[in-house]
Amino acid sequence: MKMTNHVKINLPAIVGNEGFARAAVAAFCAPLSPSLEEINDVKTAVSEAVTNVIVHAYPDNSGEIDVEVTIYDDKVLSVTVTDSGVGFADAEEVKKPFYTTKSAEEHSGMGFTIMEAFMDDLEVCSEPGRGTRVTMRKNIKQHA
Amino acid sequence: MKMTNHVKINLPAIVGNEGFARAAVAAFCAPLSPSLEEINDVKTAVSEAVTNVIVHAYPDNSGEIDVEVTIYDDKVLSVTVTDSGVGFADAEEVKKPFYTTKSAEEHSGMGFTIMEAFMDDLEVCSEPGRGTRVTMRKNIKQHA
Amino acid sequence: MDFSTTLNRGEIVIALDGELDEKTAAQTRDYLDKRLRESTYHRVILDFAKVSFMDSTGIGVLLGRYKKVSENGAELCVKNVNRQIDKVFRISGLYQIIKAV
Amino acid sequence: MDFSTTLNRGEIVIALDGELDEKTAAQTRDYLDKRLRESTYHRVILDFAKVSFMDSTGIGVLLGRYKKVSENGAELCVKNVNRQIDKVFRISGLYQIIKAV
Ligand SMILES: Nc1ncnc2c1ncn2[C@@H]1O[C@H](COP(=O)(O)OP(=O)(O)O)[C@@H](O)[C@H]1O
Ligand SMILES: Nc1ncnc2c1ncn2[C@@H]1O[C@H](COP(=O)(O)OP(=O)(O)O)[C@@H](O)[C@H]1O
């Protein structure tokens, strides 16, 4: 697969930037002419990953989010969301539906479940004290 | 002035990414509730600066663009567009209306004139062989 | 997020307008809880016609309200969810406890 | 960029649809030049009603077409430019040679 375009975005992990992140990724995919459903899937998954960084990664509320988007062969989209926050030990555990370390009143524990369902592929790497990297891929069918 | 949000965007200098850059900067400003005219001014100026990198900075067509957007006090917008391309010696010369090193058929030489007119402030730093940095500022009046 | 509420014979309809995510969650929670405290009702319908986007943060908000409403012996429903939000509801299983009307 | 052309008694109206920038400049230039070669005309009107954005790359495209059209003794005009594009025309002085009708 040949990389046809890519963008690196670096943002502070503050509430509100999840909205920018999903809009930016959607704008970056627009030239691929995705369907409305595909673009919404991508926006939803990006919103989950970036919100996780904002909510969970930095208990002292100061840190950064890196969002890297790569397009291969003008049709495969890869999104990587990275933080250097608290991380976690067991990626399989946190990916389970309803698993959350916040009160269920606030957070449903469905973030990873949604990322997995809305994208074709999800990879989660984390190390306690070092940070977390979430990589998601999706094939975009051309509609132009 | 206190920095209230910022984003760094790194892109390959390829045709088409000017459209993403202006959409991304517009999305980043959206929480400031700019007027339609303000947002269009910003999009136009960003398009000029990023197009200049794509068209002029890298004669071998391979290089990168950095776009950095900072918001101060939730109302002053600063956009910096940086490349590490060919640069130029005389920033005053290139800023003149109709000055262009491409044929006038293709390029009007009005890029810097538009950046200057559409933003409140323009700063151009360049060094031959090292690259160019364009910084633009605009006060956004709150409309929400 | 903007809100408007109509109350008719114990049925509250609350229309939301905006994107329901981390940015608007606290404000939405506060608005809904205030309305639910002020009224007596047997059914609460959230009108999503003008909600353009919702992620799992919204699920958390809805689950919390579901709990309060059902502790009151009443029912929480949604209507007019768009396709993106419908998919979030389906994948998360939220329709099993919050019906669409 | 999409295009459609109507020709009526030597007046060509070419409607553009899209954003006129570096990405679409070459394609726009090619389309316009082809139409201008194929027809005889005394006036060319570019309809910008569906052009949502134009930057100075568009000025370059228009200046090049202006040259060809006026070498043919004909007139190049624009219509229905939106406010963003109107401002680009005003600031660049383009209205001095390309009239809005
Ligand atoms: N970037 C991150 N940094 C640290 N912890 C995280 C991160 N992302 C997710 N987690 C952990 O994984 C759990 C599950 O995440 P998720 O499925 O998105 O549900 P929720 O965000 O609703 O808790 C979180 O509660 C948190 O403990
Ligand atoms: N990033 C850049 N790198 C190198 N040269 C540049 C750059 N930006 C502008 N220039 C030079 O400045 C000139 C004037 O730029 P501008 O006013 O935008 O008009 P135009 O792009 O139409 O030529 C260009 O023709 C080019 O020679």
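Only this structure's heavy atoms are used, side chains among them; waters, hydrogens and symmetry mates stay out. What you see is a predicted model, and the numbers here were worked out from it, not measured in a lab. Below, chains carry the letters A, B, ... as their sequence lines are ordered, and counting in each starts from 1.
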For atom [atom1] of [X], is the number of surrounding heavy atoms from other residues, nucleotides or ligands below 6.0 Å larger than 12?
| X | atom1 | answer |
| --- | --- | --- |
| D:Lys99 | NZ | yes |
| B:Lys75 | NZ | no |
| B:Arg130 | CZ | no |
| D:Gln96 | CD | no |

(request) Please state whether the side chain, the backbone, both or neither of D:Glu22 comes within less than 4.5 Å of a heavy atom of chain B. (result) both

(message) Under 4.5 Å from any heavy atom of chain B, what part of D:Phe53 do you find: side chain, backbone, both or neither?
(response) side chain

(message) Which atoms of B:Thr44 are under 4.5 Å from chain D, going by heavy atoms: the side chain, the backbone, both sets, or neither?
(response) both

(message) Less than 4.5 Å to any heavy atom of chain D: does that hold for the side chain of B:Asn17, its backbone, both, or neither?
(response) neither

